[in-house]
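Note that the coordinates shown come from a computational prediction; the quantities given were computed from them, not determined experimentally. Both backbone and side-chain heavy atoms feed into the values below; hydrogens, waters and symmetry mates do not. Just so it is clear: chains get the letters A, B, ... in the order the sequence lines come, proteins before strands, and each one is counted from 1.
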There are 2 protein chains.
Amino acid sequence: MKTVFSPLHAGHADTMELNSGEIVPGFEKPARAEIIKARVESERLGPILPPEIHDLAAAKKVHTSAYIDFLPTVWPQWEASGRGGSAIPFTWPTRGLRGDVVPDNIDAQLGFYSFDAGAPFVKGTWHAIKSSYDVALTAAALVKAGERTAFALCRPPGHHAGAAFMGGYCYINNAAVVAQWFRDQGAARVSILDVDYHHGNGTQEIFYQRRDVQVLNLHADPMVEYPFFLGHADERGHGEGEGFNHNYPMPFGTAFDEWSAALEDACGKLVAYAPDIVVVSLGVDTFEKDPISQFKLKSPDYPKVGARIAALNLPTLFVMEGGYAVDEIGVNAVGVLTGFEDR
Amino acid sequence: MKTVFSPLHAGHADTMELNSGEIVPGFEKPARAEIIKARVESERLGPILPPEIHDLAAAKKVHTSAYIDFLPTVWPQWEASGRGGSAIPFTWPTRGLRGDVVPDNIDAQLGFYSFDAGAPFVKGTWHAIKSSYDVALTAAALVKAGERTAFALCRPPGHHAGAAFMGGYCYINNAAVVAQWFRDQGAARVSILDVDYHHGNGTQEIFYQRRDVQVLNLHADPMVEYPFFLGHADERGHGEGEGFNHNYPMPFGTAFDEWSAALEDACGKLVAYAPDIVVVSLGVDTFEKDPISQFKLKSPDYPKVGARIAALNLPTLFVMEGGYAVDEIGVNAVGVLTGFEDR
Ligand SMILES: [Zn+2]
Ligand SMILES: [Zn+2]
């Protein structure tokens, strides 16, 4: 299996985030990607390729143009306002406020295009976002060209990013971008299987009214876990998308037995949908030692996840999402991939 | 002029807020109310009365019951989750997210019921909110009983709080509560004149579809200033409320000449509306030395504001809102009141 990776992710470093009423160092940090890359090498998963550079047209197929055009301006605007550290908003247009007028102020723009204080910008953030997008599209092209699978070692992740908002460490929704790209390349149907601990609210939002992209989400119950405001079982799609969105919210403490039963159900729905391609939003924050999560999967469980996905017998693109137990993130993420390869 | 004041505001102290990507001490602090009270005394404005205790029925006429019932639970829930400091949310239900399911998690509930990270809770916050509400209602009763005017020395302020959200140092919208209370006591029409530097987005939202409460707002342009997502000139009310909301957004650097021209226009609309009562949302963060604001009013301007309001010749209740230049907040706030009394 080929892996696509860019060193530019590392410029998105030393970020700060709001948590428990304090500004703390971001759990989403460069070591995550570096440790996964090292494990890809030590496990001899296959060659590691650099990304090809793409323009932003594919991003603008799933995000609004205004949102994508905004992202590269954030750090220059923040610096021009005389500030350093991490650019983080402090106010958001919730119920009763206007979503149709973009303010001139950079703090307001940050809030306008986000749903939390968890998508900080530093100097290297935009280049990391862009490289992550390039990584995803380059890996997608490998699968399009005939590879059975490929691994997009994306950082930052993407599944919390919606059509016009960032949040939860996510800016461009890489999985959504490649799903749309496969459609535009001729795939009739694409399934996105999101196994990250957190609900992929951005992915759901982007495809919620469409039947040509099936979205399956296994995650912690939003009643008790971030992103809180989406991911309930009754969200099944809308309009012609009704019936093509499937959520599997699970309680704190869920271990592999129950989790894999949900995966089995999702795989059944996926097979019934008969997609041409599967995009896996690969988060390994389901791990028992993850510092911000509450599931109980163990390292030996991850190859079984990969094996189950391989049994779908479909072209499959893995897109890296979350996972914050950096000591084991390589073992667990690459464990899924070696399990997929049946070794 | 009688002033109503409660020492319980002081328990809302040592709050922290998110600003420029950092957690900083709140600009909204106990000294604000204490310095105004001292000026009321030194200027011999009149007696200072304690508030009568009220139940929360009047609050639930302008806020949702769920929101009001939530407020006293915040600090106990936050403490039960093992944390101290200031309770501040980190994620909000913006576009594409659900506003119909209240999560169980306290961080999520804080985000569900707010639009920013600027309404922190500490141990004494709920008792301060409740006392501020009692102060407003007690002062309103003085005017109802025949006083020409009264001063509700409220802290925390209220005008950013909407029907179901807090934000911008505001929790219960005291001005909205008393406007509704006057209606329920038989006033046919009430005008709310908001002279705070910031747009009173909560007040606007609460009365936006009603014609029995006129809302007039003088404030910094939301394109460049908090609360950013409401307060444009084209917001004139909706449905039967159309034409009963008036916004006067003004640019950074606005001095008294231009500001008072807007006040004059607002007074014209108020007179045409012919209310039984005027509720003034009295913020003095229009002051040239305010640390978070960009208007240029000077201390001698404030008595002129009071005199202009007095010339309306209507029963008038002053409800304290913002103002963060603590050295001069007493001079400026009480300046409006002595100007109203023509001395
Ligand atoms: Zn996650
Ligand atoms: Zn203000």
Structural part of [X] lying under 4.5 Å from a heavy atom of chain B:
| X | value |
| --- | --- |
| A:S114 | backbone |
| A:S86 | backbone |
| A:P89 | backbone |
| A:F90 | both |
| A:P222 | backbone |
| A:E205 | side chain |
| A:N201 | side chain |

*Pick whichever of B:P93, B:A87, B:G96, B:G111 has the most heavy-atom pairs under 4.5 Å with chain A.*
B:P93
*Taking B:D104, B:D221, B:N19 one by one, which has the highest count of heavy-atom pairs under 4.5 Å against chain A?*
B:D104
*Measuring from B:H127:NE2 to B:H12:NE2, what's the distance to the nearest 0.5 Å?*
13.0 Å
Among [options], which residue has the highest count of heavy-atom pairs closer than 4.5 Å to chain B?
| options | result |
| --- | --- |
| A:V101, A:D107, A:D100 | A:V101 |
| A:W92, A:F228, A:W78 | A:W92 |
| A:A163, A:A108, A:A117 | A:A108 |

*With a cut-off of under 6.0 Å to the ring centre and 45° to the axis, is A:R95 in cation-pi contact with B:F112?*
yes
_Whether A:Y226 and A:H160 hold their rings parallel, tilted or perpendicular, with breakpoints at 30° and 60°_ = perpendicular
*The single option from B:T203, B:I206, B:L216, B:N217 passing side-chain contact (heavy atoms from CB on, under 4.5 Å) against B:I192*: B:T203
_Using side-chain heavy atoms (C-beta onward) and a distance below 4.5 Å, is B:Y133 in contact with B:Y171?_
no
*Side-chain donor or acceptor of A:Y197 paired with backbone N/O of A:H219 under 3.5 Å*: no
*Indicate yes or no for a side-chain donor-acceptor contact from A:N173 to the backbone of A:G162 under 3.5 Å, with no hydrogens or angles considered.*
no
_Given B:Y113, which partner from the list B:F165, B:Y67, B:F121 fulfils the ring-ring contact (aromatic ring centres under 6.0 Å, His included) test?_
B:Y67
